[in-house]
Amino acid sequence: MSASGISFLRLLILLSLRLVKSGWIDPDTALNHHSTAALTKGDTRTYSLVFSDEFETEGRSFTDGQDPRWTALDKNDYTNDALHYYKSENVRTSNGVLNITTEMKDNQYKAFNEKTKKYYLDTKHIQSGMVQGWNKFCFTGGIVEFSAKLPGKGSTGGLWPALWLLGNLARATYVGSSNWVWPFSFDNCDEGIRHQQLINACDKVSHYGMIPSVGRGAPEIDILEAMGGDPGPLPNTPIERPYFSSSLQVAPGLQKDRPLLMHQPKPGHWYEDLEYGNTTNTSLNPFFYGVTLVHKPKEYTYQSDAISANTNINESYFQSQNIYRVEWEPPNANKKGGYIRWYLNEKFLFGITGDSLNLTGALIPSEPMYLLMNVAVASSWGFPIPCPDECDCKCFDCNNPDCQCGLPTGYCDNFPSNFEIDYVRVWQAENESKHQTGCSTKDRPTELFIKGHKEEYMEDGDKEPLQSIKYGGGNVYQTYTVVGIVMADVPREELVFATKATLVQIVLHMMDLKTIRTLNRTTHYNSQN
């Protein structure tokens, strides 16, 4: 080839042109992580990667409309006695990790007085971050793995880092979307709870694209909820702080003879045949059995259950990366079977099977679920209980000396702190019909329901629950792999492959004839095209 007439080469015979349906796979994920084996004994299926994010790109912003995979919130959190305000600026990528920063910073918000039924301005003194994949990437069944370093100090209470999954019919912290939806995983017609489950199996008429006679909801799988605090014995458990909880939250819950908080359940009064690992210090969680969701009139009130285990950790988990994993198998078409199993650094912690849930008729989830990462701060998590005498335990400002007696030891010195997630990966079993991707699937549609109730999924003043993606020109990554044999020289302009989503131009420089080459090109595309 002459220097003045550098030509380019044409692929006439393609040995393989593969449009990988891996639009959610990060090109920075090494090939050896594109498949995995289950840790569950007896599961010999091949698992292929369907989603990953390695967070290698520096300075990514997750503000609504800026990232195709995630949305970082800019709003108050009204749940769980929260003391924080979420800001998207507190979620960034740096040094190859996703960094959620929790800091002392005041934010005013519109609060509601239940007694006067009027709004007023209130202030929260902690600013933190939540990033969620709601209505972007969802999946049903498979293996999820996070590598994460916990924030702050393990010996200090107050921070509540979490890695979790939630059914797409509810959007976390948008309370209206979860009413009578979270955390239902129930698919039988029971007239006794018909008013408590918004989409229930007693409904014979289809609305918003739902399948008649199919009960729906938004169950929750908590991979990690870490609790720091003063070490020492805790009541009725061998576990000490710091620890983390692994939980399945479902409804309907047990109505009568519930276990007492901080006590072990009596035989026959809680879920049985739960599995615990023998190489880790893991035990049933006696500090949280679920919540009663109170509504008026009374028949709309319902109970949720948290089937949960705690695992002892130490200060090293707050200083280095560790691997948190869950293996989730939905039930069969006959609503039987299924399981959820939690692992830490490939060691088994805790497991729940479909048979374990027979106590209430709840099911192992079969809903499309999305990923969440956040750090909360809540008076219900790691704060002094009971409130010390002569102390105002409704004051949580580190800059106010009158508040100090109601705060955990060392609490104010724990800010700022950083929750560092190195990666998140999701695999699903090949040729397994129960394993699906998508937030609105054929068996479990959500799209029309969300559109019909969109005001429940957004803040006042928002026009849509999610803004259109402004950067990158699309919603997901798409990888194209082209293998070919060089046959002839052609002008560069002709070396273009057109696809439904976009035009990918592959520039071949100085390739030897008859050489097989593999070219990888990552681009963005709009999933609506």
Side-chain angles (χ1 to χ4, degrees), residues 79 134-135 138 140 164-222 247-256 258 271 289-307 330-336 338 340 352 354 356-370 439-457:
T79 65
W134 177 78
N135 222 27
C138 307
T140 308
W164 49 304
L165 309 176
L166 184 62
N168 197 57
L169 284 171
R171 188 178 186 189
T173 79
Y174 292 77
V175 179
S177 71
S178 64
N179 287 334
W180 305 287
V181 173
W182 176 88
F184 270 98
S185 185
F186 186 69
D187 192 19
N188 290 323
C189 177
D190 184 341
E191 292 290 347
I193 65 168
R194 186 167 186 171
H195 295 299
Q196 303 166 14
Q197 185 180 16
L198 183 61
I199 309 166
N200 63 79
C202 298
D203 292 335
K204 307 302 181 184
V205 179
S206 174
H207 298 284
Y208 301 104
M210 296 297 180
I211 300 173
S213 304
V214 174
R216 301 289 304 280
E220 178 175 330
I221 300 173
D222 299 309
S247 313
L248 169 65
Q249 298 195 55
V250 293
L254 186 63
Q255 299 292 328
K256 299 179 180 179
R258 296 182 59 79
Y271 299 87
Y289 289 112
V291 296
T292 303
L293 295 104
V294 178
H295 296 279
K296 294 181 180 180
K298 186 177 180 180
E299 59 264 29
Y300 288 86
T301 293
Y302 64 97
Q303 179 68 47
S304 72
D305 283 346
I307 308 150
N332 298 320
N334 62 3
K335 308 176 190 178
K336 302 294 184 181
I340 303 173
I352 301 171
S356 303
L357 301 180
N358 288 339
L359 183 67
T360 61
L363 302 172
I364 296 294
S366 57
E367 291 284 339
M369 303 182 81
Y370 60 97
C439 293
S440 184
T441 63
K442 180 181 178 182
D443 294 334
R444 295 291 187 272
T446 67
E447 182 179 7
L448 293 180
F449 183 89
I450 292 170
K451 286 182 178 179
H453 301 81
K454 70 177 185 179
E455 68 280 358
E456 306 291 357
Y457 298 87

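No experiment lies behind these values; they were computed from the predicted model shown.
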Identify all side-chain donor-acceptor contacts of residues 169-180 below 3.5 Å with residues at least two apart in sequence or on another chain.
{"unit_1": "R171", "atom_1": "NE", "unit_2": "Q132", "atom_2": "OE1", "d": "2.9"}
{"unit_1": "R171", "atom_1": "NH1", "unit_2": "Y457", "atom_2": "O", "d": "2.9"}
{"unit_1": "R171", "atom_1": "NH1", "unit_2": "P465", "atom_2": "O", "d": "3.1"}
{"unit_1": "T173", "atom_1": "OG1", "unit_2": "K75", "atom_2": "NZ", "d": "3.0"}
{"unit_1": "S177", "atom_1": "OG", "unit_2": "R171", "atom_2": "N", "d": "2.9"}
{"unit_1": "S177", "atom_1": "OG", "unit_2": "R171", "atom_2": "O", "d": "3.3"}
{"unit_1": "S177", "atom_1": "OG", "unit_2": "Y174", "atom_2": "O", "d": "2.7"}
{"unit_1": "S178", "atom_1": "OG", "unit_2": "V175", "atom_2": "O", "d": "2.9"}
{"unit_1": "W180", "atom_1": "NE1", "unit_2": "Y300", "atom_2": "O", "d": "3.0"}

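Distance alone, capped at 3.5 Å, is enough to place a donor-acceptor pair between the Q197 side chain and the F186 backbone. N188 contributes no side-chain N or O that, together with a main-chain N or O of D190, makes up a donor-acceptor pair within less than 3.5 Å. Between the side chain of R216 and the backbone N or O of P445, at least one donor-acceptor pair lies under 3.5 Å. At least one donor-acceptor pair under 3.5 Å links the side chain of D305 to the backbone N or O of L254. The main-chain N or O of C439 is found under 3.5 Å from a side-chain atom of T446 such that the two form a donor-acceptor pair.
Interatomic distance, Q196 CD to T301 OG1, rounded to the nearest 0.5 Å: 7.5 Å. The structure places CD of E367 at 10.0 Å from CG of L166, a figure rounded to the nearest 0.5 Å. Taken from OH in Y302 to NE2 in H195, the straight-line distance is 15.0 Å, to the nearest 0.5 Å.
Residues I450 and N168 are in side-chain contact: their nearest non-hydrogen atoms beyond the backbone lie under 4.5 Å apart. Residues I199 and H207 have side chains not in contact (no heavy-atom distance under 4.5 Å, counting atoms from C-beta outward).
When every heavy atom of L357 is checked against every heavy atom of A362, the shortest pair comes out as CB-O, 3.2 Å. The shortest heavy-atom contact between V250 and I307 is CG2-CD1, 4.3 Å.
In this structure, a donor-acceptor pair under 3.5 Å is present between the side chains of W182 and E220.
Each of R258, Q303, Q255 was compared with T292 under the side-chain hydrogen bond (donor to acceptor under 3.5 Å, both in side chains) criterion, and only Q303 meets it.
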